[in-house]
There are 2 protein chains.
Amino acid sequence: MSLRHAVLGLLAQHPASGYDLLKRFQESMANVWPATQSQLYGELGKLAEAGLIKVSDVGARGRKEYAITDAGRAELDRWMTSPQDDPPFRSAQLLRVFLLGGLTRAQAREYLETLGSFADALHARYEQIRDSHDWSDDDADFFALAALEHGLQYSRMHSEWAAGVIDGLDRRRKR
Amino acid sequence: MSLRHAVLGLLAQHPASGYDLLKRFQESMANVWPATQSQLYGELGKLAEAGLIKVSDVGARGRKEYAITDAGRAELDRWMTSPQDDPPFRSAQLLRVFLLGGLTRAQAREYLETLGSFADALHARYEQIRDSHDWSDDDADFFALAALEHGLQYSRMHSEWAAGVIDGLDRRRKR
DNA sequence: AGGGGCATGTAAATGGTTACATGATTAT
DNA sequence: ATAATCATGTAACCATTTACATGCCCCT
């Protein structure tokens, strides 16, 4: 149900076409909630059918501009204040950690090193976004930066955690 | 594809019935990859049909014990060393952060406080698991503790991050 | 005239959620 | 006897992924 609300939230800022939304989406929210082009167009259709958005203009090349309706605003508001029914946290990386005992020590160590590298690469990517984008001081950018900051802190933590587990493994081995 | 491999990984440790697996699963891996009873039984059926596991024994009350096959071991091994095609990270909580600019300052602040409280509650739950469970010093528990440690670090980081954003919001307001 | 970007969709398959449904055994 | 626990499944629905498919408009 989250993509639906992401779309609703973007349209609450101002009307846009699917194509517009896709671009705005991919360079911001897609980092915390990936979605494909087909999914986005699918949601637009469903939202329109449900009366939460409506076609506000039709332009060249069949471009359809959508605007949020009052019902849509109400639904968005409901969702914004309901973090308690968000989908649960899932991580295949951590799932694998539970099964590392079935691998050799060398393989387990290698896996943890890979996780560390992934986290470092992600951190670098986030830094690059932070430094290359030019941020305004409006609310939207303040919150986008807050989300980015979360990514920076998390990738750092993740990398350090992996290093810590490797240390623990090495110490274990020596006993 | 991850639940499938979680099941395979548990069966690689030793044979078990769906019912056994469900219990082992819910108190460990379910924290990083939730799954329901129906899903688990469904996967067992599909895995058996694919020849990755087989029924190794049938007991009272229609109890079916499953064991991993060689093909299953091969598939597990492939997955264990392929973190690069894990499903992407998703967080509805962070998605909402991007849309906080559409709320009043008070509402945005309240939302961030809620996130902080959720994180604190999660941290407490993890501490409780750490302290109430009695851990052996075998590999399985070493890695389960490593995953738990990740949870502890993450919930702490998340809470502090939320507090930091609230601070930023308050400072912004004063200018 | 042709290429790149604008613009929208459909279909099939897979995975996850929720709700329902049933029955056997064991311990008190 | 009866309640708790053991034990397995089905069905409908929704979300996500992947692949396919089409065509217009603008700039050079």
Side-chain angles (χ1 to χ4, degrees), chain A residues 1-8 11 15-27 29-50 52-53 55-66 75 79 84-92 95, chain B residues 1-8 11 15-27 29-50 52-53 55-66 75 79 84-92 95:
Chain A
M1 308 226 92
S2 302
L3 175 60
R4 179 197 248 70
H5 295 100
V7 169
L8 225 36
L11 287 177
S17 68
Y19 192 82
D20 297 337
L21 289 173
L22 189 63
K23 280 187 301 175
R24 282 163 70 198
F25 187 80
Q26 298 296 15
E27 60 187 30
M29 297 169 170
N31 288 294
V32 299
W33 198 277
T36 58
Q37 177 258 30
S38 18
Q39 224 184 322
L40 215 167
Y41 280 105
E43 285 300 339
L44 284 171
K46 285 184 230 161
L47 282 166
E49 205 181 349
L52 303 180
I53 63 176
V55 176
S56 58
D57 192 23
V58 178
R61 276 168 289 193
R63 179 179 194 275
K64 281 187 257 177
E65 195 176 73
Y66 291 95
E75 172 56 22
W79 180 76
Q84 68 284 2
D85 32 58
D86 281 350
F89 172 77
R90 276 196 158 81
S91 166
L95 182 55
Chain B
M1 306 226 91
S2 301
L3 175 60
R4 179 197 246 72
H5 294 99
V7 169
L8 225 37
L11 287 178
S17 69
Y19 192 81
D20 297 338
L21 288 173
L22 189 62
K23 279 188 302 176
R24 281 163 71 199
F25 187 80
Q26 298 296 15
E27 60 188 29
M29 297 168 167
N31 289 294
V32 300
W33 198 277
T36 58
Q37 177 258 30
S38 20
Q39 225 185 322
L40 215 166
Y41 280 105
E43 285 301 337
L44 284 170
K46 285 185 228 162
L47 282 166
E49 204 181 351
L52 303 180
I53 62 176
V55 176
S56 58
D57 191 23
V58 178
R61 276 168 287 196
R63 180 179 192 274
K64 282 187 256 178
E65 194 175 72
Y66 291 96
E75 172 55 21
W79 180 77
Q84 67 286 359
D85 31 60
D86 281 351
F89 172 78
R90 276 198 158 80
S91 166
L95 181 56

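The chains referred to below are lettered A, B, ... by the order of the sequence lines, with proteins before strands, and numbering in each begins at 1. Quick note: numbers below take in every heavy atom, side chains included, and nothing from hydrogens, waters or symmetry partners.
Rounding to whole angstrom units, NZ of residue Lys23(B) and P of dA4(D) are separated by 17 Å. Going from atom CG of Leu95(B) over to atom P of dT16(D) covers 11 Å, rounded to whole Å.
For Ala35(B), the side-chain contact (heavy atoms from CB on, under 4.5 Å) partners are Leu3(B), Phe25(B), Gln39(B), not counting sequence neighbours. Residues that satisfy the salt bridge (charged side-chain N to carboxylate O under 4.0 Å, His left out) test with Arg90(A), not counting sequence neighbours, are absent from this structure. Taking the side-chain contact (heavy atoms from CB on, under 4.5 Å) definition, one finds that Glu49(A) meets it with nothing, sequence neighbours left out. Among residues two or more places apart in sequence or in another chain, the ring-ring contact (aromatic ring centres under 6.0 Å, His included) test is passed with Trp33(B) by none. When the salt bridge (charged side-chain N to carboxylate O under 4.0 Å, His left out) test is applied to Arg63(A), the partners found at least two apart in sequence or on another chain are Asp20(A), Glu65(A).
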**Request:** Treat primed atoms plus P, OP1 and OP2 as sugar-phosphate and everything else as base, then score nucleotides 8-17 of chain C 5' to 3': B for base contact with protein heavy atoms under 4.0 Å, S for sugar-phosphate contact only, - for none.
**Result:** BBB----SSB
